[in-house]
Every structure is written in structure tokens, then in C-alpha cells.
**Q** 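First, the structure itself, so that you have it in front of you.
Proteins come first, then strands; the chains are lettered A, B, ... in the order of their sequence lines, and each starts at number 1. Quick note: numbers below take in every heavy atom, side chains included, and nothing from hydrogens, waters or symmetry partners.
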Amino acid sequence: MSDEIKNSCENKDEEFVSSNFINDFIEEDLASGKVPNNTIITRFPPEPNGYLHIGHAKAICIDFGTALKYGGKCNLRFDDTNPSKEDVEYVESIKEDVKWLGFKWDGLFYASEYFEIMYDSAIKLIKKGLAFVCDLTADEIREHRGTLTEPGKNCAYRDRSIEENLDLFEKMKNGEFPDGLKVLRAKIDMSSPNINMRDPVIYRILRANHHRTGDKWCIYPMYDYAHPIEDVVEGITHSLCSLEFEDHRPLYDWVKDNIDLPAKPRQIEFARLNLAYTQMSKRKLLQLVNEKFVSGWDDPRMPTISGLRRRGFTSASIRDFCEKIGVAKNNSTVEYALLEHCIRNDLNTSASRVMAVLKPLKVVIENYPKDQVEWFDVENNPENPETGTRKVPFSREIYIEQDDFMENPPNKFFRLAPGREVRLKNTYFIKCESIVADAATGQIIELRCSYDPASRGGNSPDGRKVKGTLHWVSVQHAVKAKVCIYDHLFTKIDPEDVEEGKDYISNLNPNSLEILQNCMVEPDLANAKPGERFQFLRMGYYCVDITSSPDKLIFNRTVGLKDTWAKVSTKC
RNA sequence: UGGGAUGUCGCCAAGUUGGUAAGGCACCAGAUUUUGAUUCUGGUAUCCGUUGGUUCGAGUCCAGCCUUCCCAGCCA
């Protein structure tokens, strides 16, 4: 864990990972003296077959956060036991994302580093009569496995001699059999009510180029066999994983107890994160990328860490979110509003306020001197006064937001309307005198207003009040920008909630991306750097896109501001 | 119908040894506000899946029932 994060949770380590059932187990183990050197060691073990997403962020916060809480260690380990799906592109992205999230691993390992140990351990199992080479086809193995309600059957190869098994397994390793011809199986119990214990396959023959070991191996260990060995070798004390592995724990323990290595890690399972309106399946996110439903793994609509980063989320906000959702064994779906709260909460104090008009409506202030320009001092962030002020130019022609004017306003609308007076943020009161509309379409082209010179700074000496304060941008100083507004990628809280015969693709939100090409932003923003975050006053939080440049500014909306008026206006 | 989990406010989630329901988000009302933002104040489960039982007393113990999720990859 970086110093930055340690400092940010100074004096409240307890709160970094609030107490939960995992902590209770660990404290029990610590108290009973079961933990070697009283040092907790965890690991985050992704398979490098895709990019990390917000669900992984939860696991990362639990794995690294738990180690931090107990002054222990946490390894980053790539579970690369199936080369057919893995790639170095993914290992690089995973390293980057873990670092960006603010965590520092103690050890960086690959399961493939342990292939030799795994192979030797398999030989030991064979010698103990606990593993055998099986010639059944995949289909035949399935038939022998039985069903949820019926026990399985022993196969004919189960009683091969140790010598024959040793010989065959070596030949498997030496590439003397084609893919799929034979497997190595653990000899446990074909009638176990737990299907994972019905002589599970622990090695398969697979000729695929491995991103680290190349063509050295043509047999690869299966997860259930490999994982406990990886944990044991690294001295992991607590192997934290998600709920679907609960049924695998007896097998995890079986392997751990039979391979004659000293360490005894304990597997503890917690519920994985479900977030409303988001797809968490790596396989399906890969499909969205491959079939171009999104622009890439880092599309700002993606729930990936890289997508959230590009969207403008801070790592602190994601850590805060992971802490707030808690850790339990209950399958649950967290509302998107909580994530939004976390990012707004962080950005409220850190993001500079600037003025940007997304849907411009031109306003001419008729009684303002034609060539005059006034530069107003504007505070960068009222929540954070030490960030100082900047100069913003004001002139006779400005842009305001189209939504800030209504020709026939409803009751509770207190922005600009014919004959009505409002304040332009930091400058003057203006009053709408007339509307210029397109003769043919009736569309409003511009507003003619007057201003009150006495209200300079935003208050009238006669004590007159206005209800609305609008943001604005001077026409002659405005910088054009493109702004991308995002909505949920899916229309359903659960993207898998589909009609008969359809799949989650049918739940894709056709309006998840809205591009505004003609936004007008204040001149200071011309120098904004990719990744910089701002609050567009009254609009929301926006982040400069990684593809943005001074001659082609692009902003991504991270999240809008809370909008009470939107609620009120729908009732009007 | 086998096995493993789970069920506390709209959404998450605390509730160590039974003693009379934390907190966050969301929501509602009011105050402050040159962002209808922020901030602030107040409100929101007589009830803990359900039915019984034990007990002076149960969300916490016991029994039955029900819900939802996971497991029949040579994926992880």
C-alpha cells in the first residue's frame, strides 16, 4: 500500500476495511496462534484473460485492504494455468489497474512459475495412490460423473497400478498423446454429494503457446489443483475468494492436505459485487469489445477500471465505494447511486469549478458597451478557498444554457424568461427584454437582454433579489469543445434479465452515449490536460478525455450534479 | 428431487456470550446558499423470510417450512 493511501486513512485503519466476518476469522486464527509469525498473507489472483472491472476492485480492496489492516502482505498473482485464453496485454493492464487503484503488491508471481512443483506434487499423489491417469473422453467422464441427485460411477482406469500411472503421466508430459486423449484425475469419491469431489480432473493435455512458458509444457494443471498449491508455495495464510468457490473448499483442502507441503492456508469466501445496470462477466465484456458495441476496454461506459478511469472516476472514490458496500456472504445488487455519491463526494472538494455551456443560446446585452471586456476574478472552488481565483472575461455577447431559458415557464421555474431578471454568476443581473426567433421555424435564435451596471459583482445595491443564477461564457472568448454524456450501458438493472430467446445484448441502451459537438467553454480550459477533472458549474463533473488536444477539446461527463429541479420540472 | 450457501428499512449493511433494531446510499420536510450543487437540521423498520417452540425476555437458541443464489468445464 502506498504512503499516500496510508496517510489518507491515518488513525482510522479500522475504517479502511470496516470489520466483517473475514476479519473475525482472521482474528480467531491470530488469537489461536495458527498464523506463522502472526503475519497475515493474502493474494489477489486474477487470470490474465481480460481487463479488471469494478467487481475486481472490490476483491482487490478486500485482499490488499485486509493485509494492510493486519500489517501483513498481499501478493499479486497471475493465475495463468489456461494459456488458451490468456495474454500479456491483460497482465500489463492488470498491473496498471492495481497500481492505479493505489495498491502495492509485496510479491508479483505467476502460477506458471510453479508448474514444476505442481508436476512433482502430482507424482507424489500418484505414488500415494491418490491420482490416476484416465483415458475416458470428456463425454464419458461427464456420463460417469452422475448428476446432482445420482452418484457417479468409478471408471475402469481408476485402478491402474501406480507404475502404470507414473509412466502414463510422464508420457502425457512428454507430449506422447494428442490433446484430450488422457487426463490426470484425483482419486477421491465418485459418490460424494459434492460433485467437485467426484474424481476431479487435475491435469489436461493442451497444446497452446503460453505467454510465459512458451511451448515448454503441453499439460496444464486445473484451477482446483493449482490454486491450493500456489497459495501454499507463497505461504498465503488466508485465501479470499468469491462465493461460487465454497463448494470447492473441500477439494482445496484435500489438495493442500495431500501434497506434503507445510503451509496451511484457509480459504474464505465472500459475495462478489453486482452493480445495477452493469455487466460483470469478463467473457461478456470481451464480447462487447470484440463486437464493437463499445470503443474498447476503456470505453467510458465500461465498468472496467480503465473505463472508469477514462470516465473521470478517481481511485479514491472507487476505494471509498468498495468500503461502503461492505463485505458479506449475501448475494446483492448495489445501486448505481452509491457509486455516483462516492465520486461526487470526492470531486466536490477537489475539482475546480469552471463555466461551460453545453447547449448554447446566444444572449446579447443591448445596453452593454460594444467593445468592452471585463475580466472578473472568480473563485476556483468555494469548498477549497486555498485553490485561489482566476480571471474570466465578460462581454456584450454571451452564451447561456438553452435549458436556462423558457418562453412560457411553469410555476417553479426561476431561471430566465421574458421580462424576468436573473444573475449571471459573478457578474451582473440581466433581464430578458425580447426574443429573436427564426421566422420560418419559430425556433429561438437569441435573446436580447439588458443589464444593471449597479449589480456588478452579482448583487444589487437596492437589495433587489433574483432567484436564479446562471453560468455563461463570453462569445468572443469561448472555446469550442466536444462533450460526451454517458448513460447506463444497459437498460435493465440486471442485464441478464431478458425475454425468451434473447440475450443480454438485447438490453444494451441505445442512448448510452450522447455527443455534443458545439459546447462553449471558458478560455482557461483550452489548456486543460487529458485526465484533468472539473466541475462544470451547475452541470456536473467532467474529465478531459485521453484523446483530447488543445485544438480539439474533448470532455467526458463523469457524473451529473444532483438535480432537484429535474425532479420538480417533471412534476410541473 | 442431492450438496453447499443466503434471507435485518427502497438498495447495501452492523447487530461478540439472548435483554428490547448502528451506519451509509436513496427518499421526504425545513434552514443556509451568487452552483435548484455543497453544507446543516429533522423524519423515515414496534420490527428482523415464515410458522411454531424454549425463556421473565429472541433478530440473536431449537424445529419445520419457504425465498434466492452456486455446483453435473479436460474454464477460473
**Q** Assign the ring pair A/Tyr114 / A/Phe109 to parallel, tilted or perpendicular, where the plane angle (0 to 90°) is split at 30° and 60°.
**A**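 Correct class here is tilted.
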
**Q** Nearest to the A/Pro382 side chain among B/rU35, B/rU38, B/rC75, which nucleotide is it?
**A** B/rU35

**Q** Using atom C1' in both nucleotides, what's the gap between B/rG7 and B/rG15 to the nearest angstrom?
**A** 15 Å

**Q** Tell me whether the centres of the aromatic rings in A/Phe534 and A/Tyr541 are closer together than 6.0 Å.
**A** no

**Q** Under 30°, 30 to 60°, or over 60°: which ring-plane class applies to A/His53 and A/His56, parallel, tilted or perpendicular?
**A** tilted

**Q** Looking at residues 268-286 of chain A, who's got a heavy atom less than 4.0 Å off RNA chain B?
**A** none

**Q** So A/Arg415, base contact, sugar-phosphate only, or nothing? Heavy-atom distance under 4.0 Å.
**A** base

**Q** Need one value for A/Met539: base, sugar-phosphate or nothing, where a base atom within 4.0 Å counts as base even if backbone is also close, heavy atoms only.
**A**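 Nothing, no heavy atom under 4.0 Å.
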
**Q** What does B/rU35 pair with, Watson-Crick or G-U, if both distances are under 3.5 Å?
**A** none

**Q** Taking only residues two or more places apart in sequence or in another chain, which ones pass salt bridge (Lys or Arg N to Asp or Glu O under 4.0 Å) with A/Lys467?
**A** none

**Q** Just the table, please: protein N/O against nucleotides 40-43 of chain B N/O, every pair under 3.5 Å.
**A**
none

**Q** Counting the atoms with a prime plus P, OP1 and OP2 as sugar-phosphate, which does A/Thr137 contact under 4.0 Å by heavy atoms, base, sugar-phosphate, or nothing?
**A** base

**Q** Please assess A/Leu470 against A/Arg415 for the test side chain to side chain contact (heavy atoms under 4.5 Å, CB included), listing each intermediate value before the final yes or no.
**A** CA-CA 8 Å; A/Leu470 312 185; A/Arg415 275 114 95 146; 3.6 Å; yes

**Q** For a quick test of your reading: what N or O donor-acceptor pairs under 3.5 Å do the side chains of residues 182-192 of chain A make, sequence neighbours left out?
**A**
residue  : atom : partner  : partner atom : Å
A/Lys182 : NZ   : A/Asp135 : OD1          : 3.1
A/Lys182 : NZ   : A/Asp135 : OD2          : 2.9
A/Arg185 : NH1  : A/Asp199 : O            : 2.8
A/Lys187 : NZ   : A/Arg158 : O            : 3.1
A/Asp189 : OD1  : A/Ser191 : N            : 2.8
A/Asp189 : OD1  : A/Ser191 : OG           : 2.8
A/Ser192 : OG   : A/Asn194 : N            : 3.0
A/Ser192 : OG   : A/Asn194 : O            : 3.2

**Q** Any chance you could list the contact pattern along nucleotides 4-12 of chain B? Use B for base contacts, S for sugar-phosphate-only contacts and - for none, protein heavy atoms under 4.0 Å, 5' to 3'.
**A** SSSSS-BSS

**Q** Using a 4.0 Å heavy-atom cut-off, does A/His227 contact any base of the nucleic acid, only the sugar-phosphate backbone, or nothing at all?
**A**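 A/His227: no heavy atom of the nucleic acid under 4.0 Å.
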
**Q** When you measure from the side chain of A/Ile141, which nucleotide among B/rA76, B/rC27, B/rC74 comes out closest?
**A** B/rC74

**Q** Just the rounded figure in Å: distance from C1' of B/rA13 to CD of A/Glu323.
**A**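 In whole Å, B/rA13 C1' lies 12 Å from A/Glu323 CD.
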
**Q** How many angstroms lie between atom CD1 of A/Ile26 and atom OH of A/Tyr70, to the nearest 0.5 angstrom?
**A**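 Going from the CD1 atom of A/Ile26 to the OH atom of A/Tyr70 covers 5.5 Å.
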
**Q** Does any N or O donor sit under 3.5 Å from an N or O acceptor when you compare the side chain of A/Gln535 with the base of B/rU35?
**A**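 Looking at the base of B/rU35, it does pair with a donor or acceptor on the side chain of A/Gln535 (distance under 3.5 Å).
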
**Q** When all nucleic acid strands are considered with a 4.0 Å heavy-atom cut-off, which category describes A/Leu136: base, sugar-phosphate, or nothing?
**A**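 The answer is base, as A/Leu136 lies within the cut-off (heavy atoms under 4.0 Å) of a base atom.
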
**Q** Any side-chain N or O of A/His471 below 4.0 angstrom from OP1/OP2 of B/rU35?
**A**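 Answer no for this pair, as no side-chain N or O of A/His471 is under 4.0 Å from OP1 or OP2.
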
**Q** Under the side-chain hydrogen bond (donor to acceptor under 3.5 Å, both in side chains) definition, can you give me all pairs with a residue in residues 382-394 of chain A, not counting sequence neighbours?
**A** A/Asp377-A/Lys391, A/Asn380-A/Arg390, A/Arg390-A/Glu522

**Q** Which nucleotide in the set B/rC25, B/rC74, B/rA76 lies at the smallest distance from any side-chain heavy atom of A/Asn82?
**A** B/rA76

